[in-house]
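Remarks on the structure that follows.
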Amino acid sequence: MKTGRVEHLTPKVIGVTSVFIDNSFNAMAFTGMHRAARERGYQLLLCYGPPRSVLARGVALRHVAGWIAMYTTDGLEELLADGKPGVIFCAPSLGQRCPVVRAENHDSIHRMIEHLTSIGHRRIAYIGKSTSDDFIERGEAFAHAMAARGLATDLNLLSSFDECTIRYTERRFGELLERDGKFCTAVVAGNDEMAIGTINAIRERGYRVPEDIAVVGFDDISAAQHCDPPLTTMRQNPELLGRTAVERLADLLDGVPPPEPVTRVPAELVRRRSCGGGAWQAWAPPPALDALGGDWQRDLRRQLNALLGGPAPSPLGDPALVWPEAEVVVRGLGAALTGVDAPDVVTLERAFDAAVMHSDRVEVLLAVLEQLEETAARQLASAPAQDAALRVKAFIGRVRLAQQRSLLRWERRNVRGLEKLVHANMDMSALLTSKQVWTDEPLEWLRNTTVRLGCIALWADEPGPGGPELVIRNVHSRARDLTALVGRRVPVGLFPPSELLAAVSPEEPSGYLLLVSLANERYDWGTLALGGLHTESFADNLQPLAMWSSLLIAAFERHEMENALQAERDMLAAAYERERALASTVRELGCPVIPLLPGVLLISLIGAIDAARAQQILEAVLSGVAREGARWVLLDVTGVPHVDADTAASLVQTAQATRLLGARVSLVGVGSRMAQRMVDLGIELHGISIFQSLEAAVRQLTQARR
């Protein structure tokens, strides 16, 4: 076993503990955290689980300078007992020590209820996960908003839902519809996944959305615009939430107190068809041109960035950072107006590739085109070139083509991501069923994912000088050769080693590591580290990771069970060999014939009596009787483990043959258990007398001789 060097590092890592990783919202929040961490000179390290389990396992504790606890504070105070700072993400406050960053739930729900009541809804239901603090807070805001308008709050169904996934909500809400029928005219869901599950359940039961029941959600994940009908929702900015949490923690590390105990990140109402009422608008209007004044190209660039980035201001105060490639489009319009050569379609496609990566919402991209056309129409009035209108028309057509190609390329990438996901799941299934796959490379399935780095580290059998250590068993990397790490022992607090932290392409939006414990209720094998987690589309986000880690744990458990079964088989085989050797020894000893008294022979039987031994006993008895002229034969069965019908038949056969030579046969050593067994089997030993012990048999024979 290799022993690696012990690393002594100044912690420049921000640790994140999260009990949820498997949805689009968290993927975007992690991206915002990672980008903010890099800007402040830190790396991001995610730990899947609550603070309590992170502290108990001890992995990465010496790496981390400060912690962000997402969705739960269970064990956070103990995790921060060493004096490191902490920030709470979407969970209840612990007091002044840890600032809180969370969504603006109260006003958001009030705006949602105001919108629903304005289009005629009065019987409105609320659903959310009963154990989530954000969902609970939204439920309280729902009750307040309904009561403020004089509406019944009896359809606050928070306590009826234990999960916030599409499939669970589809089943649970369907059960409510089957029980109560159309019990409401509108549903406010605590997140978009629950809203989509609700839409599916409503339509499966023969109702229409929004004509019979309107549905609204919260978050505006990518799938919200693609469901049928497209979902009205409160658009959060998860990247800004994640960024804000990291900035609060980095400030604490720099000795700067938070500006407020709780920072609320606002959300905007996005109206789509799922709530009805018409006037659907899925983007925020850009700032008016007249309010900006001066340089129209600068103003247009800001407007396009405001449309793409939403209403939340850029954390650095410059909206151009949201979509800097907008400069290509803006200057292209200026070139068309003045007669200069405009960018070609390929150049425009590259610009829109960046736009689509930032936001693939169709309505927002259409709003970008509309804003470009409006600006072009205003500028044409003062264009110096007489053929400017034709050039602008051609340029706008080129922009439309470039945008559509970029959007189509993005969607194709989504499909490829789903194909990779299917192949990865197939490989994971093979891992569970094929011993060959397990023994060769348990991380080979990563080749069909966008994950760039994988590592399995198992607990060392013996602790090192400083305590528990992890041994790197497998490494999978697309970019670097990390095979030298295999076999290295790493102190638990310093895992992952610096080579893994550096190998995840930290400049990429997903250039961080995620640590998942390979453990179940019975056993803790070690840790799975994954890096470069979602690089292409919503299909390549963190959703499959929880499933993959569960399957890998199942593979470990299966491997352990196979080893245990093999050990048991080896033990049974060894016992069988010992039994066979003993039987062979017994056969070699044969059936010793001992003259006990004049005319009395003693034959001690040891071991099980099969057909071969029965024949051996018969021959030994007959030979001994003929040789010694015996009149009585004592068969001592004390050493026979059990008596069955075949054994009894062989003893009866021996007694009958012996009587033909003029001698009698008695059984010696028949205890209570053997006697009971004979009774249960209905064995009748005709002509055979029975003695419990050899002493009893000798006593009776001696008395008979007197």
Side-chain angles (χ1 to χ4, degrees), residues 14-21 23-37 44 46 50-51 66-77 79-80 85-112 126 128-145 158 164 188-194 217-221 233-252 257-269 310-313 315:
I14 288 177
V16 180
T17 71
S18 180
V19 291
F20 303 116
I21 58 172
N23 60 43
S24 301
F25 181 88
N26 288 321
M28 291 185 285
F30 296 149
T31 297
M33 289 181 180
H34 171 66
R35 287 172 171 164
L44 193 71
L46 306 183
W67 293 96
I68 297 173
M70 299 180 69
Y71 308 117
T72 180
T73 57
D74 177 33
L76 180 59
E77 290 181 292
L79 183 62
L80 302 180
V87 170
I88 298 170
F89 183 100
C90 296
S93 172
L94 289 179
Q96 296 296 319
R97 179 181 178 185
C98 299
V100 179
V101 175
R102 66 188 316 162
E104 204 305 296
N105 291 318
H106 186 272
D107 289 348
S108 297
I109 294 297
H110 273 264
R111 278 184 285 156
M112 188 70 79
Y126 171 75
K129 184 178 179 181
S130 58
T131 57
S132 168
D133 186 66
D134 261 336
F135 287 91
I136 293 172
E137 192 173 75
R138 290 166 195 168
E140 294 171 349
F142 167 83
H144 185 271
L158 182 68
C164 56
V188 177
N191 72 355
D192 288 345
E193 292 191 5
M194 296 190 78
F218 208 106
D219 290 340
D220 197 25
I221 62 175
T233 184
M234 292 301 300
R235 177 182 293 164
Q236 289 199 84
N237 191 331
E239 283 199 39
L240 184 58
L241 276 167
R243 172 179 285 277
T244 304
V246 167
E247 289 175 344
R248 291 289 180 270
L249 183 59
D251 286 344
L252 290 175
E260 52 194 351
V262 180
T263 301
R264 299 272 182 175
V265 175
E268 63 170 310
L269 177 62

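Here the structure is a predicted model, which is why all the values come from computation and not from measurement.
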What pair of heavy atoms forms the shortest contact from [X] to [Y], and how long is it?
| X | Y | result |
| --- | --- | --- |
| Leu44 | Phe30 | CD2-O, 3.8 Å |
| Val265 | Asn237 | CG1-O, 4.5 Å |
| Asp133 | Ala91 | OD2-C, 3.8 Å |
| Glu239 | Met28 | CG-O, 3.2 Å |
| Glu104 | Phe218 | O-CZ, 4.3 Å |
| Ala37 | Val246 | N-CG1, 3.6 Å |

Inter-residue atom distance [X].[atom1] - [Y].[atom2], 0.5 Å rounding:
| X | Y | atom1 | atom2 | value |
| --- | --- | --- | --- | --- |
| Arg138 | Lys129 | CZ | NZ | 12.5 Å |
| Glu77 | Leu94 | CD | CG | 5.0 Å |
| Ser108 | Leu269 | OG | CG | 9.0 Å |
| Phe25 | Asp219 | CZ | CG | 5.0 Å |
| Ile14 | Leu46 | CD1 | CG | 11.0 Å |
| Ile68 | Thr17 | CD1 | OG1 | 9.0 Å |

**Message:** Between Arg111 and Glu268, does any side-chain N to carboxylate O distance fall below 4.0 Å?
**Reply:** no
**Message:** Salt bridge check, Glu247 against Arg243: does any charged N sit closer than 4.0 Å to a carboxylate O?
**Reply:** yes
**Request:** Look at the side chain of Ser132 and the backbone N and O of Gly128, then say whether any donor-acceptor pair between them is shorter than 3.5 Å.
**Result:** no
**Message:** The criterion is side-chain hydrogen bond (donor to acceptor under 3.5 Å, both in side chains); which residues satisfy it with Thr233, sequence neighbours excluded?
**Reply:** Asp192
**Request:** For Asp134, enumerate each residue passing the side-chain hydrogen bond (donor to acceptor under 3.5 Å, both in side chains) test, keeping only those at least two apart in sequence or located in another chain.
**Result:** Arg102, Asn105
**Complete:** Sorted by chain and number, sequence neighbours left out, ring-ring contact (aromatic ring centres under 6.0 Å, His included) with Tyr71 holds for Phe20, Phe89
**Prompt:** Residues in ring-ring contact (aromatic ring centres under 6.0 Å, His included) with Tyr126, at least two apart?
**Reply:** Phe142
Does the side chain of [Y] come within less than 4.5 Å of [X]'s, by heavy atoms?
| X | Y | answer |
| --- | --- | --- |
| Trp67 | Val87 | no |
| Leu249 | Pro99 | no |
| Gln236 | Asp220 | no |

Apply side-chain contact (heavy atoms from CB on, under 4.5 Å) to [X] and list each qualifying residue two or more places apart in sequence or on a separate chain.
| X | answer |
| --- | --- |
| His144 | His106, His110 |
| Thr263 | Val101, Thr244, Arg248, Glu260 |
| Cys98 | Leu76, Leu80, Ile88 |

**Item:** Qualifying salt bridge (charged side-chain N to carboxylate O under 4.0 Å, His left out) pairs, either residue in residues 85-97, two or more places apart
**Value:** none
**Complete:** Residues passing the salt bridge (charged side-chain N to carboxylate O under 4.0 Å, His left out) test with Arg264, sequence neighbours excluded, are Glu137
